[in-house]
**Q** 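I have a structure here, written as structure tokens, and I will follow up with some questions on it.
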Amino acid sequence: MPENMILAYGITFGIVFMTITYTFFRYIYSRQIFYMSYCLMQVFSLIFIVSYSKLFDVSSLVEQLSLLFATLASIVFAVRFYEGKFLPKMKNFKELTINTLILNAIILTAFYHYMLFEYLPYTIIYAILFISVAFNIKDGFKPTLIYVIGWSLLCLILFVFDFKEYYEEKGFMNIVLLAFAIEAVLFTASVGYKYSTLQKESRDLEDMVLLQSRLAKSGEMIANITHQFRQPLNNLSYILINLKKRFENERLDAKYFDKKVGQANEQLDFLSKTIDDFKEFYAPSKTKEQFTIKEAIDNVFTISSADLKKRNIEFIVNFKVNEEIKVFGIKNELSQVLLSLISNSNEALKNIENPWINIEVDSTNAEVIIKVKDNAGGIKKKNLGKIFEPYFTTKDEGTGIGLYLSKRIIEDSFNGKIEVQNQKEGALFTLFIEKTI
């Protein structure tokens, strides 16, 4: 075999191996089946091309089995990667005719694809994804479109110029090798777009879950608001009663009146602040800004104080630095994280004598460090490595998303990190957030 052909095979082996490595690590990261199925298809394709090259002594049985398994894996990949519907709705004879013609064109094009490159797995993927594009084109630009257009243009060029016969007459690199190289390039482009789409969908889903998790607590929040409002409203009622009695007894002087008006205004300010805190917490703000850690903690205390008082939980906030220390990010999201941690502690402290939750704020030259700890006894050792995973929960009615979303918020919105460990009294969660200058 000529040296240039040996080099061509070597390059092809390298390209396919890199594709295998790429898809395998993508699968580990995303757990998407289409990555693993494509990875397996390329593994068997590599075995096939090694056998096909005759550079090594590989039996024909191994070659045929590798082709079979590569074909099966290609079907799984194409179906998992497919977007849209295999059979479009046909309302009338015109649509039936058009779709039949389209399907015939796809079959003929796929057949020509196979005649050109003589490798069934790639033809199967091309045909299935071509159907996806042809029957769902109205749904917009999809990653499948990149793949299909790439192969279709190549097939068209080879057909118009009858390039395959000329290619083989000149003794160029085997066109089957060219197919493997092109497939890797088209797949990388398609999956790159697909990956960004999946990331966006994942973010949108998690944002929706975050909103739902807030709404799920709305009943509890309403109870807290009711409790927060009851005492100030009672105080206002007493102030009005005292003013009325003084007035009826003709003992209402300016000094007493001003004193009671001042007290009433204090209660109204408290009610107004409570409304603002709840409104700010639930506002889906995505605007990053500088804010003090104290603002976020105060916001959380307003929301959770009623429940903490009901369970006689002592809530301690300790600043080891200036209380005006600031960070840059989304304030209500940090409040969401702190509320999630406090709510978890609250649940864990149900049967604990003299329960307490302590928030400690410290800093280094570069970071603000927020520690949230309790005396609930800690987290089981076997669960410590799992608590930030999505949908992992030890609660009977838990969703398993609170700590996962907290981790995502700290990492994405604040470029920070969150850690957990057990101490003698209970669990300690530590947030590391970059400090603003």
**Q** Checking the side chain of Asn375 only, and the main-chain atoms of Trp356 only, is there a donor and an acceptor separated by less than 3.5 Å?
**A**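 Confirmed, Asn375 side chain pairs with Trp356 backbone.
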**Q** Residues two or more places apart in sequence or in another chain: which of them pass ring-ring contact (aromatic ring centres under 6.0 Å, His included) with Phe44?
**A**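 Once residues adjacent in sequence are excluded, the partners of Phe44 under the ring-ring contact (aromatic ring centres under 6.0 Å, His included) criterion are Phe69.
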**Q** Should Lys373 and Glu425 count as an ion pair when the cut-off is N to O under 4.0 Å?
**A**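 Between Glu425 and Lys373 there is no salt bridge, as every charged N stays at least 4.0 Å from the carboxylate O atoms.
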**Q** Are the side chain of Ser45 and the backbone of Met41 linked by a donor-acceptor contact shorter than 3.5 Å?
**A** yes
**Q** Which label fits Phe315 and Phe301: parallel for a plane angle under 30°, tilted from 30 to 60°, or perpendicular past 60°?
**A**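 Ring orientation of Phe315 relative to Phe301: parallel.
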**Q** Measure from the side-chain N and O atoms of Ser51 to the backbone N and O of Phe48, and report whether any donor-acceptor pair falls under 3.5 Å.
**A**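 No; judged by distance alone, with no hydrogens or angles, the pair does not exist.
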**Q** Quick check against the 3.5 Å criterion: does Ser74 have a side-chain atom that pairs as donor or acceptor with the backbone of Thr71?
**A** yes
**Q** Given Lys294 and Glu324, is the salt bridge (charged side-chain N to carboxylate O under 4.0 Å, His left out) satisfied, shown in steps?
**A** CA-CA 7 Å; Lys294 188 176 186 304; Glu324 296 304 311; over 6 Å; no
**Q** Could you work out, with side-chain contact (heavy atoms from CB on, under 4.5 Å) as the rule, every residue matching Leu61, not counting sequence neighbours?
**A**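 Ser59, Leu65.
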**Q** Is there side-chain contact between Leu334 and Leu431, with at least one heavy-atom pair below 4.5 Å?
**A** yes
**Q** Verify whether one side chain among Ser413 and Glu333 offers a donor that lies under 3.5 Å from an acceptor in the other.
**A**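 Looking only at side-chain atoms, Glu333 and Ser413 do form a donor-acceptor pair, the distance falling under 3.5 Å.
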**Q** Is there a donor-acceptor pair under 3.5 Å between the side chain of Arg311 and the backbone N or O of Asn346?
**A**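 Yes, Arg311 side chain to Asn346 backbone: donor-acceptor pair under 3.5 Å.
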**Q** Begin from the C-alpha positions of Ser60 and Glu63 and carry the test side chain to side chain donor-acceptor pair (under 3.5 Å) through to its verdict.
**A** CA-CA 5 Å; Ser60 59; Glu63 182 177 327; over 6 Å; no
**Q** Identify, with sequence neighbours excluded, every residue that meets side-chain contact (heavy atoms from CB on, under 4.5 Å) alongside Phe25.
**A**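 Only Thr21, Ile28 meet the side-chain contact (heavy atoms from CB on, under 4.5 Å) criterion with Phe25.
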**Q** For Lys417 and Glu411: C-alpha separation, side-chain torsions, deciding distance, then whether salt bridge (charged side-chain N to carboxylate O under 4.0 Å, His left out) applies.
**A** CA-CA 6 Å; Lys417 62 180 179 179; Glu411 291 177 350; over 6 Å; no
